[in-house]
Amino acid sequence: MNKHFTLPYEGGLIEKDLPVGILHSYEKIWTKVYPESRPASYAIADQIVASIKAHSEGLFRLGLTTGATPTSLYNELTRRYQAGEVSFRNVEVVSIDEYYPSSKDELQSRNHRLHEALLDKVDIMKENVHIPDGTVSQSDLTSYCAKFDSIARGLDLLVIGVGEQGQVGFNEAGSNEKTRTRAVRLSYASRKRQSANFNHDISSTPDKAITIGISTMLSAKRIILMAWGEDKAAAVKAIAEGEIDTACPASFLQHHDHISFYVDEGAASLLTRSLAPWLVGPCDWTPKFIRKAVVWLCQTVGKPILKLTEKDYLDNNLSDLLEQVGSFNKINIDVFNDLQHTISGWPGGKPNADDSTRPVSAAPYPKTVLIFSPHPDDDVISMGGTFIRLVTQGHNVHVAYQTSGNVAVADDVVLQQLDAARELGFEDKFQEVKAIIDGKVPGEPEPRALLDIKGAIRRSEARAAVRSFGLDADKNVHFLNLPFYESGGIKKKPRTQADVDIIKDLISSLKPHMVFMAGDLADPHGTHRVCTEAALTALEQLKEEGAGWLDQTHVWMYRGAWMEWELGRVDMAVPLSPDEVIKKRHAIFRHISQKDIVPFPGEDSREFWQRAEDRTQNTARLYDQLGMAEYQAIEVFLKLY
């Protein structure tokens with residue numbers, strides 16, 4: 001179960017023999033980039049273990065954080081302890097923050113989570129653990145924080161994750177480098193983020209916290225920062241390359257002389273060496289990488305592809321490309337044709353047509369197409385227009401909803417559905433279910449009876465959505481209910497072979513020619529990534545077991561409602577007409593439980609249909625600005641193989 005999905009890359013910065021000063025020339029905090037979070041966590045574990053072993057006098061003082069970011073790191077440290085590679089008996093741990101008020105026995109507390117994730121699994125001495133006490137009285141809080149600050153200062157090593165807005169601990173926008181351990185009031189936006197730990201009930205989420213300050217962090221002898229996923233990319237760029245700014249508190253850590261930043265490719269995507277590596281050093285100029293550079297150049301100078309001049313290339317550090325390839329006119333024409341050939345109104349291939357420059361082959365026709373949807377609405381949100389095209393163009397399309405999506409249904413939606421059933425004269429379960437809802441305990445898994453109702457609601461919505469554009473909801477819709485998801489809470493179970501086997505059975509029964517799946521990497525522990533890795537593992541195992549027909553199966557990756565593939569990497573772009581945009585919108589509307597009151601909107605207040613339309617219309621504008629035809633909207637895909 002170790003298959004971890006990383007995106008394929010072609011070309012890029014040639015880092016071999018590149019002086020490190022040049023590699024990090026744009027970075028004020030030198031950043032180490034890894035394909036994904038696990039190898040990065042292993043490298044951080046190497047540093048922690050080596051530091052513990054090298055420490056010879058007194059306790060090794062280690063500062064730690066909680067949350068999703070250090071999950072892989074703590075798993076690896078636990079493994080190394082169990083393997084006898086490290087002992088924590090000579091380690092003193094200082095946790096950087098805690099909710100206030102909060103008891104150490106509360107499941108949501110930082111105290112509980114740090115013990116559950118690491119401390120209870122290793123041989124650390126209880127007296128060597130220091131976590132802010134969320135039960136201190138308000139009258140004693142100021143003096144308590146001053147005492148804790150003296151404990152937290154001068155750590156041998158501080159290992160911390162950074163937030164999406166560049167916060168560290170509960171040092172949020174407005175914090176400065178003079179801050180010490182203190183009580184802070186949490187903003188509404190912060191409480192909204194933290195409410196994920198409290199069943200997304202902001203009224204149950206503490207409005208205050210205790211956190212060590214920026215000054216306290218800077219007193220550490222060494223600091224390691226961590227960030228995973230594309231949703232951290234803007235923060236990583238601001239911290240590593242930006243100016244010091246109170247709006248991004250972690251940027252103050254640029255002042256530290258012994259600090260390093262560990263990130264995955266998603267989090268690094270906006271760093272100069274990732275976004276425009278030709279500005280850093282020599283590159284491997286593959287066709288797709290050339291397209292990436294040309295698209296960047298067009299956006300930098302504000303011109304379509306065929307209007308780029310030799311001067312544009314020279315003025316923007318692309319002389320190496322000219323030397324490698326030759327005439328700028330040839331580059332312009334080749335990239336224009338390459339990008340134009342990604343556009344296809346026939347996502348399943350156009351039958352009886354010349355397919356030499358089309359992204360999908362004409363034969364066979366019709367194709368069997370399998371769309372994997374992590375949640376019961378990702379299919380129509382992310383590729384609804386293409387889904388509609390595949391159905392109307394006569395292909396044998398199947399959709400597999402990998403998880404039930406039950407935790408994303410609000411309690412009042414359940415009661416509304418039961419109220420309707422009661423009004424229609426069906427069995428009256430309203431008061432019975434209301435009692436279950438009223439008896440829920442924040443932080444604990446939802447009752448199975450309630451989850452079953454919520455799962456049924458989402459299944460009915462998914463069937464209604466695909467029926468709206470003509471798919472047979474009885475024969476061509478598959479609800480996989482992968483076991484890893486069924487924890488009853490936000491934190492999911494580990495992915496196992498049981499999840500993979502369910503997917504293998506479906507793939508084997510359908511033998512699809514095309515498989516679509518989610519390519520979102522924003523959350524390294526998120527449902528989309530887990531579902532995609534399970535599906536890729538299933539395909540890999542089937543190939544190993546001799547499923548020769550898979551040689552003719554191609555995998556296409558779509559994105560979610562928040563982000564889109566960069567045009568330099570797109571393999572297929574499906575244009576949508578205004579009518580198709582409306583049909584897609586109406587399919588999304590069928591997911592009533594997710595409309596207006598979606599429980600997990602993040603910082604983006606737009607509804608899913610709005611995000612989807614804005615995203616695809618923006619992609620169409622980008623194609624137009626590059627000199628392509630003007631379309632209402634475009635959905636784009638990356639071909640994995």
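Small disclaimer: the values here were computed from a predicted structure and weren't measured.
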Fill in: Residue pairs fulfilling salt bridge (charged side-chain N to carboxylate O under 4.0 Å, His left out) with at least one residue in residues 355-368, sequence neighbours excluded
none
Practice prompt. Determine which pairs satisfy side-chain hydrogen bond (donor to acceptor under 3.5 Å, both in side chains) with at least one residue from residues 292-309, sequence neighbours left out, and list them in order.
Written response: Lys292-Glu566, Lys303-Asp312, Thr309-Asp312
Practice prompt. Could you name each residue pair satisfying salt bridge (charged side-chain N to carboxylate O under 4.0 Å, His left out) that touches residues 322-333, not counting sequence neighbours?
Written response: Lys330-Asp334
Item to complete: Not counting sequence neighbours, which residues clear side chain to side chain contact (heavy atoms under 4.5 Å, CB included) with Ala240? List them please.
Response: Thr31, Phe261, Leu271
Response to the item:
By side chain to side chain donor-acceptor pair (under 3.5 Å), Trp285 pairs with (sequence neighbours left out) Asp320
Considering only distance and modelled atom types, tabulate donor-acceptor pairs under 3.5 Å from the side chains of residues 573-586, sequence neighbours left out.
from   : atom 1 : to     : atom 2 : distance (Å)
Ser577 : OG     : Glu580 : N      : 3.2
Ser577 : OG     : Glu580 : OE1    : 3.4
Glu580 : OE1    : Arg389 : NE     : 3.4
Glu580 : OE1    : Arg389 : NH2    : 3.0
Glu580 : OE1    : Ser577 : N      : 2.9
Glu580 : OE2    : Arg389 : NE     : 2.5
Glu580 : OE2    : Arg389 : NH2    : 3.4
Lys584 : NZ     : Ile381 : O      : 3.3
Lys584 : NZ     : Glu635 : OE2    : 2.7
Arg585 : NE     : Glu613 : OE2    : 2.6
Arg585 : NH2    : Glu613 : OE1    : 3.1
Arg585 : NH2    : Glu613 : OE2    : 3.3

Fill in: Results of side chain to side chain contact (heavy atoms under 4.5 Å, CB included) for Asn317 - residues two or more places apart only
Leu279
Worksheet item: Quick one: side chain to side chain contact (heavy atoms under 4.5 Å, CB included) partners of Gln340, sequence neighbours excluded?
Response: Phe336, Asn337, Met628
Worksheet item: Got a sec, which residues hit side chain to side chain contact (heavy atoms under 4.5 Å, CB included) with Ala40, two or more places apart in sequence or on another chain?
Response: Tyr34, Trp228
Item to complete: For Asp377, check salt bridge (Lys or Arg N to Asp or Glu O under 4.0 Å) against everything at least two apart and list the hits.
Response: Arg458
Item to complete: Return the set of residues passing side chain to side chain donor-acceptor pair (under 3.5 Å) with Lys288 (not counting sequence neighbours), or none when no residue passes.
Response: Asp571
Practice prompt. Can you sort out the partners of His478 under ring-ring contact (aromatic ring centres under 6.0 Å, His included), two or more places apart, ordered by chain and number?
Written response: His398
